[in-house]
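Report on one structure; see the data block that follows.
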Amino acid sequence: MSLDRRQLLRGSLAIGAAAVPFGALAAPAHGIVRQPQAQVPRAGFSLALLDANNQIITNHHTGDIRNGKFGKPWATFRTGQGAKAWDPLELKVRKLQSGETAFLICGGDRTEGHMTIHRNSDGAPLGWVSGLTNFPHSLEYLSTPDVIIVVGTQGLDSLDPKPPEASRSGGCYELYLAPTRGSAGPLRKIPVQDEDRAFRQAHGVVWDETKQFLWIFGGNKIRAYTVTGKREHTRLKRAKDKKGKDIELVSSLFENGHDLQPDPLEPQYLWATSSKEIIQINKAGGYPRIQWSIPARSAKSFSRDRSGSAVWTSDTKGNAYGDDKVRFLWSSMTDPVTAERASGETKDKWIYKARLLDI
């Protein structure tokens, strides 16, 4: 690991485990690991708030909300110090083929993208990569081939051109080998033909265990892929129906799509956001179709908890990322909940995503 990457990881705290959503304490990425304190299970769920402006992720429990404000975070993760920090745009917790549970983060900006993977129990770095050029917005771990896919909104403009009515072009995915036990270090990229990688404005990616599809969402479409091979031989192919037609849905309602998430309560659905809508997608049939949608101003992320409640974030400030609030749907909390600045933060909070830790 280079000195710069050590600086990036130094002082970071571990995100709580999906398997222990209520009580896992933050642990430093180096030094002594503190043991988690036992807690009685309680109603509610944990959320990771991705603050792009302060370049920090904070974990909160909804049971700690008081007077319309989140309580003190029970874990934090900074992407770096000073000029080395970068915008966190996605977080997922996954169990790797190595047997280790890890949290995966990606983000950055149009100039340089980043991905970093840490062991969940103590925050130790397992793998990292910088210099990504596709402006990473989301990622997913594929367990059978043991690889990570990172999707973003830059590159390969001519290979998936924008329709005349759209304003934004560019986007593609990248594949990387997942870290193996005892081999922490820079992640190795898997070469893939540009024609296969192109996906305009790719913002979201979800592995569908039921259908054995990988769904990618962005621009004005959602498309299913099949995954073949393992490790460096992994390849994605567009899923086809019996007539050889791509399994996808193209809709103007999706334009400038921002997020794609599974539904742990009703797995036949996916949830997506666009500039103007929160969208429920039914994937139970041969093709995905829009089941339901509701107007939502500049919705950036949307996730539904196993309890049935949902959370979403919105850019009400016009900064392209978010504000200091999380909205709840199908919940007793009818008003937005504010995330206050953490110690040492000087900038306004821009919560790009509110992420559940167990989906």
Side-chain angles (χ1 to χ4, degrees), residues 44-45 47-48 50 62 89-92 137-140 151 153 166 199-225 239 241 246-316 322 325-337 351-359:
F45 47 89
L47 287 173
L50 282 63
T62 57
L89 302 182
E90 183 63 283
L91 177 145
K92 293 183 179 181
H137 276 63
S138 188
L139 47 65
E140 183 61 283
V151 302
T153 59
F199 194 109
R200 186 177 73 87
Q201 290 297 292
H203 272 80
V205 58
V206 167
W207 171 247
D208 184 344
E209 188 67 31
T210 302
K211 284 186 168 290
Q212 294 290 294
F213 284 163
L214 181 73
W215 297 97
I216 300 181
F217 174 71
N220 64 345
K221 63 181 175 285
I222 181 171
R223 176 184 292 155
Y225 291 81
D241 65 10
D246 291 346
I247 297 176
E248 64 179 16
L249 176 61
V250 178
S251 172
S252 60
L253 193 66
F254 290 157
E255 188 55 52
N256 199 25
H258 273 286
D259 196 19
L260 186 69
Q261 287 281 278
D263 189 323
L265 191 62
E266 298 179 281
Q268 69 269 34
Y269 298 121
L270 296 168
W271 291 96
T273 66
S274 66
S275 290
K276 299 179 180 179
E277 303 275 343
I278 293 171
I279 306 161
Q280 185 186 42
I281 300 170
N282 190 329
K283 60 181 178 65
Y287 289 89
R289 60 185 174 87
I290 295 174
Q291 181 79 19
W292 176 87
S293 68
I294 184 173
R297 177 185 173 186
S298 300
K300 295 298 183 180
S301 70
F302 182 94
S303 298
R304 190 184 187 198
D305 179 59
R306 299 175 195 277
S307 66
S309 296
V311 293
W312 61 287
T313 59
S314 173
D315 170 25
T316 63
K325 293 176 173 53
V326 175
R327 288 95 181 147
F328 287 76
L329 191 61
W330 309 310
S331 167
S332 60
M333 287 174 281
T334 57
D335 295 323
V337 177
I351 302 172
Y352 182 62
K353 289 176 178 173
R355 280 299 187 233
L356 297 164
L357 299 179
D358 61 348
I359 65 170

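Residues Leu249 and Ile290 meet the side-chain proximity criterion, which asks for heavy atoms closer than 4.5 Å.
Between His137 and His203, the angle of the ring planes goes over 60°, which puts this pair in the perpendicular group of the 30/60° scheme. Classification of the His258-Tyr352 ring pair by plane angle, with boundaries at 30° and 60°, yields perpendicular. Aromatic ring orientation, Phe217 versus Phe254: perpendicular (interplanar angle above 60°, classes split at 30° and 60°).
With hydrogens and angles disregarded, a donor-acceptor distance shorter than 3.5 Å links the side chain of Gln212 to the backbone of Glu209. A donor-acceptor pair under 3.5 Å is absent between the side-chain atoms of Ser298 and the main chain of Ser314, judged by distance alone. Formation of a donor-acceptor pair under 3.5 Å by the Ser274 side chain with backbone atoms of Leu253 is found in this model. When atom types are taken as modelled, the side chain of Gln291 and the backbone of Asn282 share no donor-acceptor pair closer than 3.5 angstrom. Using a distance-only test at 3.5 Å, with no hydrogens or angles considered, a donor-acceptor pair links the side chain of Thr313 to the main chain of Ser301. Between the Arg327 side chain and the Thr334 main chain, no donor and acceptor come within less than 3.5 Å of each other.
Side chains of Gln201 and Thr153: a donor-acceptor N/O pair is absent below 3.5 angstrom, by distance only. With 3.5 Å as the limit, one finds no donor-acceptor pair spanning the side chains of Thr273 and Asp259.
Geometrically, Lys353 does not engage Phe302 in a cation-pi contact, judged by NZ or CZ lying under 6.0 Å from the ring centre and within 45° of the ring axis.
Under the salt bridge (charged side-chain N to carboxylate O under 4.0 Å, His left out) criterion, Asp208 pairs with Lys283, sequence neighbours left out.
Open room surrounds NZ on Lys276; 12 or fewer heavy atoms of other groups in view lie less than 6.0 Å from it.
Residues Ile216 and Tyr225 come closest through the heavy atom pair CD1-CE1, 3.6 Å.
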Output side-chain donor-acceptor pairs under 3.5 Å for residues 264-272, partner residues at least two apart or in another chain, one line each.
from	atom 1	to	atom 2	distance (Å)
Glu266	OE1	Arg304	NH1	2.7
Trp271	NE1	Asp263	OD2	2.8

